[in-house]
Amino acid sequence: MAFGGYSGQAYSPAGDKGRFVLPPLFRKAVKESSAGSKILCLAKHERWNCLIGFGTSRKEELEAQLDREEERALRLGQDAWDRDLRAMQLFGFVEVPFDDSGRFIMPEHLRTLGQVGDGLYFQGGGRFFSIWNPLELAEMGEGWESAQAACTNLVAETAAKGKGKGGSK
């Protein structure tokens, strides 16, 4: 079965020991996109103040993207375009293992780049999914209303569940 892309939304509060949980919906899609292996690829989004995640099968797509961008730059006479720099940007992701429960450790440099806080909001985006600090997502402008509403709702649901269990979250 061909990989169908990433869709949906989820929220995961920070766990102990700097661990987060890749939600089941995204965990299943990452495994499908990684030929059954439990490897999550993480990188900083090039424009937004968030991270992106995807499975290992995207490596082939990135090479094709690099070729298209080079062809476009040549066609438009963009002499300043640098294939090596762009390759480092596209392939600068980190491969992070996750366990059967989806637990993974977020590398510290990505925590900083993504301004990761007490929880992660996951938003499907087709070829990849974005991973947000809910406070950063709330600062996004027009066009983000649906993701912002879903994030607000999921954070509130998680907090209510935590209080229902006698927790303080």
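Legend: residues meeting side chain to side chain donor-acceptor pair (under 3.5 Å) with E61, ordered by chain and number and at least two apart, are R58, R127. In terms of the side chain to side chain donor-acceptor pair (under 3.5 Å) criterion, residue partners of K38 (sequence neighbours excluded) are, by chain and number, D100. The ring pair (Phe, Tyr, Trp, His ring centres under 6.0 Å) check on W48 picks up H45, W144, with sequence neighbours excluded. E136 meets the side-chain contact (heavy atoms from CB on, under 4.5 Å) test with N49, Q115, W132, N133; sequence neighbours excluded. Here F26 pairs with F122, F129 under the ring pair (Phe, Tyr, Trp, His ring centres under 6.0 Å) rule; sequence neighbours left out. In this structure D84 satisfies the salt bridge (charged side-chain N to carboxylate O under 4.0 Å, His left out) test with no other residue, sequence neighbours excluded. In this view, R103 and D99 satisfy the salt bridge (charged side-chain N to carboxylate O under 4.0 Å, His left out) rule, not counting sequence neighbours.
Counting non-hydrogen atoms of other residues, nucleotides and ligands closer than 6.0 Å to CD of E145 gives a total above 12. Counting heavy atoms of neighbouring residues, nucleotides and ligands inside a 6.0 Å radius, atom CZ of R83 exceeds 12 of them.
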May I have the list of side-chain donor-acceptor pairs in residues 7-14 shorter than 3.5 Å, sequence neighbours left out?
from: S12; atom 1: OG; to: V21; atom 2: N; distance (Å): 3.3
from: S12; atom 1: OG; to: V21; atom 2: O; distance (Å): 3.0

Can you give me every donor-acceptor pair (side chain of residues 88-97, partner residue at least two apart or in another chain, under 3.5 Å) with its distance?
from: Q89; atom 1: OE1; to: R86; atom 2: NH1; distance (Å): 3.2
from: E95; atom 1: OE2; to: K59; atom 2: NZ; distance (Å): 2.6

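The ring pair (Phe, Tyr, Trp, His ring centres under 6.0 Å) contacts involving residues 63-89 comprise nothing, where partners must be two or more places apart or lie in separate chains.
Going from atom SG of C151 over to atom CD of Q123 covers 9.0 Å, rounded to the nearest 0.5 Å. One finds the CG atom of L74 at 12.0 Å from the CD atom of E69 (value rounded to the nearest 0.5 Å). Residue L120 holds its CG atom at 12.0 Å from CG of L137, rounded to the nearest 0.5 Å. For the atom pair L62 CG and F128 CZ, the distance stands at 11.0 Å (nearest 0.5 Å).
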Quiz prompt | Verdict with supporting geometry, T56 and S33, side chain to side chain contact (heavy atoms under 4.5 Å, CB included) | solution = CA-CA 6 Å; T56 58; S33 176; over 6 Å; no
Quiz prompt | CA sep, side-chain torsions, deciding dist, call: F54, L40, side chain to side chain contact (heavy atoms under 4.5 Å, CB included) | solution = CA-CA 6 Å; F54 51 89; L40 170 63; over 6 Å; no
Quiz prompt | Test log, rule salt bridge (Lys or Arg N to Asp or Glu O under 4.0 Å), inputs K28 and E32 | solution = CA-CA 6 Å; K28 181 178 184 291; E32 284 177 12; 2.8 Å; yes
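Among all heavy-atom pairs drawn from L22 and F104, the shortest one is N-CE2, 3.7 Å. Scanning both residues, Q148 and A138, for their nearest heavy atoms gives NE2-O, 3.4 Å.
A salt bridge is absent between K161 and E157; no separation between the charged side-chain nitrogens and carboxylate oxygens falls under 4.0 Å.
When the side chains of ILVMFWY residues are joined at heavy-atom separations under 4.5 Å, either directly or via intervening members, F20 and L25 end up in a single hydrophobic cluster. Put simply, Y121 and M106 are part of two different groups of oily side chains (I, L, V, M, F, W, Y) that touch within less than 4.5 Å, one to the next. Under a hydrophobic-cluster definition in which Ile, Leu, Val, Met, Phe, Trp and Tyr are linked whenever side-chain heavy atoms come within less than 4.5 Å, directly or via other members, V30 and L110 are assigned to the same cluster. Residues M140 and I131 are members of separate hydrophobic clusters, defined by side-chain heavy-atom contacts under 4.5 angstrom among Ile, Leu, Val, Met, Phe, Trp and Tyr. Linking ILVMFWY side-chain heavy atoms closer than 4.5 Å, directly or via other members, places L51 and I39 in two distinct hydrophobic clusters.
Its side chain outside the 4.5 Å cluster rule for every partner, L76 clusters with none of the Ile, Leu, Val, Met, Phe, Trp and Tyr residues. Hydrophobic cluster of I105: no remaining members, since no ILVMFWY side chain lies below 4.5 Å from it.
S34 places no side-chain N or O within donor-acceptor distance of the main-chain N or O of K31, the cut-off being under 3.5 Å. Side-chain atoms of Q65 do not come within 3.5 Å of backbone N or O of E63 as any donor-acceptor pair.
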